[in-house]
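Residue numbers run from 1 in the order of the sequence given.
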Amino acid sequence: TELVITGGSFVRTSFFANDALVYHLSVTPAGTLGTLRVVASAAAGTSKSSSEASLESAPFELAYDRIKPSATFTPGLSALPSRVTPILLTLTWSKPITGFDAPP
């Protein structure tokens with residue numbers, strides 16, 4: 001096996017060579033949370049000039065998290081009983097987010 005991929009899969013249609021030195025490929029992480037690891041195996045290629053087999057590459061590793069953040073509202077003490085206005089709510093996200101702002 002020329003490529004060893006753990007935690008993901010190879011996208012065959014994305015593979016192409018620029019030249020004898022540079023190759024491009026895509027991999028898709030598996031699942032929603034984990035580590036993607038890609039290694040070019042020893043002897044994956046052979047030197048054009050000396051016919052020597054290639055060494056194993058240093059691994060590429062990437063931790064990924066594709067779990068969507070969720071939100072939970074918690075009423076403040078002023079919400080109990082509900083005769084008090086305004087009602088104070090606390091919004092807590094399951095992970096840090098950006099782009100959330102007060103409505104106009």
Smallest separation among heavy atoms of S41 and V4, with atom names: OG-CG2, 3.4 Å

Side-chain heavy-atom pair T6, V39 within 4.5 angstrom cut-off: no

T32 side, atom OG1; I67 side, atom CD1 - distance, nearest 0.5 Å: 4.0 Å

V27 and its side-chain contact (heavy atoms from CB on, under 4.5 Å) partner, picked from V11, L62, I5: I5

Sub-4.5 Å side-chain heavy-atom contact between K95 and P69: yes

Under 3.5 Å: donor-acceptor pair, side chain of R66, backbone of G31: yes

4.5 Å side-chain heavy-atom contact, F15 and Y23: yes

Min side-chain heavy-atom separation W93-T72 under 4.5 Å: no

Exercise: identify the closest heavy-atom pair between A71 and L91: CB-CD1, 3.5 Å

Pairs touching residues 27-68 that satisfy ring pair (Phe, Tyr, Trp, His ring centres under 6.0 Å), sequence neighbours left out: none

Residue list, salt bridge (Lys or Arg N to Asp or Glu O under 4.0 Å) with E56, at least two apart or on another chain: none

Point-to-point distance, once rounded to the nearest 0.5 Å, from CD of E52 to OG of S54: 10.5 Å

Contacts of type side-chain contact (heavy atoms from CB on, under 4.5 Å), residue D101, not counting sequence neighbours: none

Linked, directly or transitively: V22 and L25 (ILVMFWY side chains, under 4.5 Å): no

Residue pair L36 / E61, side-chain heavy-atom distance below 4.5 Å: no

Side chain to side chain, T90 and F73, heavy atoms closer than 4.5 Å: no

